[in-house]
Amino acid sequence: MGAMVDAKKALAIVLISVVVSLLAGAPTVVQACLPSDRAALLEFRSKLNEPYIGVFKTWKGQDCCKGWYGVSCDPKSRRVSGITLRGVSEEPIFQRAKRKGFMTGTISPALCKLTHLSGITITDWEGISGVIPSCITNILAMRHLDLVGNKISGVIPANIGKLVNLRVLNLADNKISGGIPPSITRLTMLSHLDLVNNNLSGVIPGDIGRLKMLSRVLLTGNKLSGQIPESLTRIYRLADLELSMNRITGSISTSMGKMSVLATLNLDGNLISGAMPGTLMNSSISILNLSGNLLAGRIPNTFGPRSYFTVLDLSNNRLKGAIPGSITTASFIGHLDVSHNHLCGKIPT
């Protein structure tokens, strides 16, 4: 009997030793970034030149999750999850240099090897050129893509709609051409779309209203044509719609003035015709710029206590008749411009 007890004790000690050895040899947290992620970052860096600030001088050592400027990692998996490189920053490295950044080169497809990226911010470097790598649409975890303020050309990747988790798409102030890909309407989580000041042409996708989470649609300063899709007026959250300085035609839908939270509507510098909907004058809109179009007819006599405009610009159109008397019932009008029309009659007191 005693021999059996001794055997059991010996077996228990052996098992405990094995478990302890296994635990000691297999740490639960990986201490450094994945070598393949590090290699992808260095390949990405090799296509860029930043001579003034020195943002890449910290990209050394084996652990790209520790001390590499602009690189962030998931704390559990230690996979690279974000790249944030801004050419304009208040961070100490910029304060010491006493200047904004300037970077040349291209965005390497090596970025696509970082399959756990949720955010890419490479902004305001002015000299980065080349195209957006089409493989970027394979990084399915992507939530934030911001490349504003560079010299990126080429087109928006046709398969951009694969990035179904994308919340922010900001490609403003570049040289991107081609059209807005139809697949963009699959980005049902998108809340911020900014393509301002590029060379985009073609039409705004007719079913853009599928993007129910959109709060800002900024497309000013392109060569977009066609009409404003009616589906845009069915986006409940839309607060800012800016389509200025394009080649948009057609009329303004009455539904535009019935949108619940629309606060900014900039349509200036287009080829929009027809009459102004009366709903615009008594809506939630506080900044309304319709200048430089082909609008005709009268200014609607539909102002009321709900009318609150910080800016109301109707200049350079073909409006006729008198300034409506109901304008005096508006709660506030900060800036009013009705110049260069065919108005007549008395200005309301």
Taking everything shown except Lys66 itself, do over 12 heavy atoms lie less than 6.0 Å from its NZ?
-> no

Could you tell me which non-hydrogen atom of Ser89 sits nearest to which non-hydrogen atom of Gln95, and how far apart they are?
-> O-NE2, 4.1 Å

Could you name each residue pair satisfying side chain to side chain donor-acceptor pair (under 3.5 Å) that touches residues 141-162, not counting sequence neighbours?
-> Asn138-Lys162

Rounded distance (nearest 0.5 Å) linking atom NE2 of His192 with atom CG of Leu214 = 10.0 Å

Kindly write out the residues that satisfy ring-ring contact (aromatic ring centres under 6.0 Å, His included) with Trp59, not counting sequence neighbours, or none if the list is empty.
-> Phe56, Trp68

Side-chain donor/acceptor pairs under 3.5 Å, residues 197-204, sequence neighbours excluded:
{"unit_1": "Asn197", "atom_1": "ND2", "unit_2": "Asp173", "atom_2": "OD1", "d": "3.0"}
{"unit_1": "Asn198", "atom_1": "OD1", "unit_2": "Asn174", "atom_2": "N", "d": "3.3"}
{"unit_1": "Asn198", "atom_1": "OD1", "unit_2": "Lys175", "atom_2": "N", "d": "3.2"}
{"unit_1": "Asn198", "atom_1": "OD1", "unit_2": "Ile176", "atom_2": "N", "d": "2.9"}
{"unit_1": "Asn198", "atom_1": "ND2", "unit_2": "Leu171", "atom_2": "O", "d": "3.0"}
{"unit_1": "Asn198", "atom_1": "ND2", "unit_2": "Leu195", "atom_2": "O", "d": "3.2"}
{"unit_1": "Asn198", "atom_1": "ND2", "unit_2": "Val196", "atom_2": "O", "d": "3.3"}

Side-chain donor/acceptor pairs under 3.5 Å, residues 315-327, sequence neighbours excluded:
{"unit_1": "Ser315", "atom_1": "OG", "unit_2": "Asp313", "atom_2": "OD1", "d": "2.7"}
{"unit_1": "Asn317", "atom_1": "OD1", "unit_2": "Asn293", "atom_2": "N", "d": "3.2"}
{"unit_1": "Asn317", "atom_1": "OD1", "unit_2": "Leu294", "atom_2": "N", "d": "3.4"}
{"unit_1": "Asn317", "atom_1": "OD1", "unit_2": "Leu295", "atom_2": "N", "d": "3.1"}
{"unit_1": "Asn317", "atom_1": "ND2", "unit_2": "Leu290", "atom_2": "O", "d": "3.0"}
{"unit_1": "Asn317", "atom_1": "ND2", "unit_2": "Leu314", "atom_2": "O", "d": "3.2"}
{"unit_1": "Asn317", "atom_1": "ND2", "unit_2": "Ser315", "atom_2": "O", "d": "3.1"}
{"unit_1": "Ser326", "atom_1": "OG", "unit_2": "Asn301", "atom_2": "OD1", "d": "2.6"}
{"unit_1": "Ser326", "atom_1": "OG", "unit_2": "Phe303", "atom_2": "N", "d": "3.2"}

Judged by atom type as modelled, is there a donor-acceptor pair below 3.5 Å linking the side chain of Ser231 to the main-chain atoms of Gly206?
-> yes

Do the non-hydrogen side-chain atoms of Leu193 and Leu218 ever get within less than 4.5 Å of each other?
-> no

Given side-chain contact (heavy atoms from CB on, under 4.5 Å), test Leu85 with Thr121 step by step and report yes or no.
-> CA-CA 6 Å; Leu85 298 171; Thr121 300; over 6 Å; no

With rounding to the nearest 0.5 Å, note down the distance linking NZ in Lys113 to OG in Ser36.
-> 9.5 Å

Can you name the residues that form a ring-ring contact (aromatic ring centres under 6.0 Å, His included) with Tyr308, not counting sequence neighbours?
-> Phe332

Salt-bridge contact Arg38-Asp63 (side-chain N to carboxylate O under 4.0 Å) | no

Heavy-atom check, side chain of Arg78 versus side chain of Leu34, under 4.5 Å | no

Take Ser255 and Glu230 through the test side chain to side chain donor-acceptor pair (under 3.5 Å) and record every step on the way to the result.
-> CA-CA 8 Å; Ser255 303; Glu230 179 71 20; 3.1 Å; yes

Kindly write out the residues that satisfy salt bridge (charged side-chain N to carboxylate O under 4.0 Å, His left out) with Asp268, not counting sequence neighbours, or none if the list is empty.
-> none

State, with a plain yes or no, whether a side-chain heavy atom of Glu126 is found less than 4.5 Å away from one of Lys100.
-> yes

May I ask you to decide if Asp240's main-chain N or O and Thr264's side chain share a donor-acceptor pair within less than 3.5 Å?
-> no

Without swapping roles, check the side chain of Glu50 against the backbone of Val55 for a donor-acceptor pair under 3.5 Å.
-> yes

Least distance between heavy atoms, Pro181 atom then Pro205 atom | O-CG, 4.2 Å

Between Leu163 and Leu187, the two heavy atoms sitting closest are O-CD2, 3.1 Å

Any sub-3.5 Å donor-acceptor pair from Asp207's side-chain atoms to Arg210's backbone N or O?
-> no

Residue pair Ile252 / Met276, side-chain heavy-atom distance below 4.5 Å = no

Please test Lys57 against Tyr69 for side-chain contact (heavy atoms from CB on, under 4.5 Å), starting from the C-alpha separation and ending with a verdict.
-> CA-CA 8 Å; Lys57 288 182 179 178; Tyr69 183 88; over 6 Å; no

Can you name the closest pair of heavy atoms from Met256 and Ile228 and give their distance?
-> CE-CG2, 3.9 Å

Counting distance only, does the side-chain N/O of Ser286 pair as donor-acceptor with the main-chain N or O of Ala263 below 3.5 Å?
-> yes

Can you tell me which residue pairs pass the side chain to side chain donor-acceptor pair (under 3.5 Å) test with a partner in residues 270-285, sequence neighbours excluded?
-> none

Is there a side-chain contact between Leu267 and Ile248 (heavy atoms, below 4.5 Å)?
-> no

Is it true that a side-chain atom of Ser307 and a backbone atom of Ala330 form a donor plus acceptor pair closer than 3.5 Å?
-> no

Just grab all the disulfide (SG to SG under 2.5 Å) pairs involving residues 79-156, residues at least two apart or on different chains.
-> Cys112-Cys135

How close do Leu238 and Arg216 get, heavy atom to heavy atom, and via which atoms?
-> CD1-N, 4.0 Å

Measuring from Asn170:CG to Thr123:OG1, what's the distance to the nearest 0.5 Å?
-> 8.5 Å

Within the distance-only criterion (no hydrogens, no angle test), does the side chain of Thr115 pair as donor or acceptor with the backbone N or O of Ile139 below 3.5 angstrom?
-> no

Which atom pair, heavy atoms only, marks the closest approach of Leu211 to Ile235?
-> O-CG2, 3.6 Å

Asn222 backbone acceptor or donor facing Asn246 side chain under 3.5 Å | yes

Disulfide (SG to SG under 2.5 Å): which pairs involve residues 316-349, sequence neighbours left out?
-> none

Working for side chain to side chain donor-acceptor pair (under 3.5 Å), residues Ser108 and Glu43 | CA-CA 7 Å; Ser108 170; Glu43 190 177 347; 4.6 Å; no

Are any side-chain N or O atoms of Thr310 and backbone N or O atoms of Gly334, one a donor and one an acceptor, separated by less than 3.5 Å?
-> no

Residues passing the side chain to side chain donor-acceptor pair (under 3.5 Å) test with Ser225, sequence neighbours excluded, are none

Would you indicate whether Cys33 and Cys64 have their SG atoms under 2.5 Å apart?
-> yes

With ILVMFWY side chains joined below 4.5 Å, transitively, what does Val311's cluster contain besides itself?
-> Ile287

All pairs passing side chain to side chain donor-acceptor pair (under 3.5 Å) where residues 330-342 contributes a residue, at least two apart = Asp337-Ser339

